[in-house]
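The block underneath contains the structure these notes are about, expressed in structure tokens.
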Amino acid sequence: MSKKIFFSGVQPSGKPHIGNYFGAMKQFVDLQNEYDGYAFIVDYHALHSLRNPKEMSENIKNVLLDYLAIGLDPEKVTLAKQSDVSEHTELCWIFDTVITMPFLMRAHAYKDAEAKNKEIDVGTFNYPVLMAADILLYGTDIVPVGADQKQHVEIARDIAEKFNNTYGQTFKLPEHMIMKEVAVVPGTDGRKMSKSYNNTIPLFAEYEEIKKCVMGIVTDSSEGIPKNVYAIHKLVRDEKELEKIYTEKTGKYKELKELLIEDLEKFIAPLRENRKEFAKDIPKALAILKAGGEKAKKVAEAKMEEVREKIGVNIYEK
Ligand code: ADP
């Protein structure tokens, strides 16, 4: 029996943080033995926030090193970048013609941007459609993501249904996979950890950077247990042990933060070292990405042939 398929992606929009790792990336590694996986670098998605070509190229290489450093095995998971598989944007266009504006206007990302009176580019508005194409091209069963992406996976299901109803069964309906305890990893200020809030702990931070981030965690002196410190601490140490420690050290914020720094360092140091090893041979890493793109392209091409057949544009004799 063939294995089930997972698909997920990370934008090359900056340094990954421990929220990305625990919320999504760790699951890619955990799933790689049981599933056929696709871990994409979704560079075209990042275009709406990143318009510096040099930075784009660097960031793409960085995500590739991040993927390798966390333990993704290219023999088990296809590592590829979106711009190497043009079928993603082709399918996005076809999906654009089967769904409506009011449907997409319900997306949180669009509503948030509109509430902030931002001038929204068409790409941002269309983001969930391109994401649907990413997911649906590969016959995906599950999409491991953080809670912020739940709605986007639901939109992908809706789009698949709409297409299937119009043209006949073509796409499998994917499920999201969200780990409850890490669905929303909080940042140093208690809000969702996010690149755009400046409240992150980078996944490959050096010791001094970890220290700076942890010392900056917002604590409220009225609390016995500093909840923002605890919420991050429980990602890297067993909760039973932590409950005991935090009860013993009630009110001793500095000591608790120092302990968190040490625990984060223990967790991050091996990943950081791994990453440095992979960074020594960039051409080798790039060859992995290129081969992954070629492998993904074959699957995507076959699916697009089916789609073109279904919509009636395949008119030449075979
Ligand atoms: P986006 O910013 O569009 O979510 P990212 O590349 O930043 O894209 O996110 C990569 C993955 O990390 C996504 O699956 C996202 O849901 C997840 N993620 C991001 N922030 C958090 C967080 N604070 N807690 C849990 N998961 C997160």
Side-chain angles (χ1 to χ4, degrees), residues 6-31 37-50 55-56 58-67 70 72 77 79-83 107-113 120-121 123-135 140 142-156 174-205 213 217-218 228 231-236:
F6 84 78
F7 180 99
S8 202
V10 169
Q11 295 189 55
S13 54
K15 281 189 199 170
H17 49 76
I18 61 170
N20 298 134
Y21 178 74
F22 287 102
M25 292 162 82
K26 180 174 182 291
Q27 274 64 261
F28 309 173
V29 183
D30 294 343
L31 291 169
Y38 292 87
F40 261 70
I41 301 170
V42 286
D43 46 359
Y44 280 169
H45 278 297
L47 271 177
H48 68 85
S49 63
L50 178 57
E55 220 178 295
M56 175 65 96
E58 274 316 299
N59 286 1
I60 293 171
K61 289 178 202 159
N62 281 328
V63 179
L64 173 62
L65 293 176
D66 300 342
Y67 272 161
I70 61 170
L72 284 179
V77 177
L79 301 180
K81 76 178 163 71
Q82 197 181 29
S83 55
H108 301 313
Y110 169 74
K111 284 205 274 194
D112 290 351
I120 304 155
D121 59 88
T124 301
F125 180 65
N126 218 21
Y127 179 108
V129 188
L130 181 56
M131 183 165 159
D134 300 339
I135 296 168
T140 302
I142 58 162
V143 187
V145 282
D148 56 352
Q149 292 290 340
K150 182 168 178 251
Q151 193 193 32
H152 289 156
V153 182
E154 282 160 2
I155 290 175
E175 305 273 350
H176 56 73
M177 191 188 98
I178 296 171
M179 306 304 277
K180 223 168 115 213
E181 341 54 87
V182 286
V184 184
V185 172
T188 54
D189 57 0
R191 292 187 292 171
K192 183 194 112 165
M193 189 175 286
S194 167
K195 284 165 215 154
S196 45
Y197 294 157
N198 225 343
N199 64 354
T200 68
I201 298 177
L203 179 58
F204 300 98
C213 294
I217 297 178
V218 178
N228 293 340
I232 294 172
H233 214 154
K234 75 180 166 73
L235 300 169
V236 288

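Read the numbers this way: they start at 1 and go in the same order the structure lists the ligands and their atoms. Please read all numbers here as calculations on a predicted model, not as lab measurements. These numbers come from the heavy atoms of this one structure, side chains and all, not from hydrogens, waters or symmetry mates.
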TODO: Evaluate the ring planes of Y127 and H48, with Trp represented by its six-membered ring, and classify them as parallel (under 30°), tilted (30 to 60°) or perpendicular (over 60°).
DONE: perpendicular
Open item on the list: For K195, I'd like to know if atom NZ has over 12 heavy atoms of other residues, nucleotides or ligands within 6.0 Å.
Closed with: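 More than 12 within 6.0 Å, yes.
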Task: Interatomic spacing from CG in D30 to CE in M177 - rounded to 0.5 Å - done: 7.5 Å
Open item on the list: Working to the nearest 0.5 angstrom, can you tell me the gap between D112 CG and T124 OG1?
Closed with: 12.0 Å
TODO: Determine yes or no for a side-chain-to-main-chain donor-acceptor pair under 3.5 angstrom, with T188 supplying the side chain and C213 the backbone.
DONE: no
Open item on the list: Check whether Y67 reaches the backbone of F40 with its side chain - one donor and one acceptor, N or O, closer than 3.5 Å.
Closed with: yes
Open item on the list: Strictly under 4.0 angstrom, heavy-atom based: which residues surround ligand 1?
Closed with: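 For ligand 1, the residues that come within the 4.0 Å heavy-atom cutoff are V10, Q11, H17, G19, N20, G23, A24, Y127, V145, G146, D148, Q149, V182, A183, V184, V185, K192, M193, K195.
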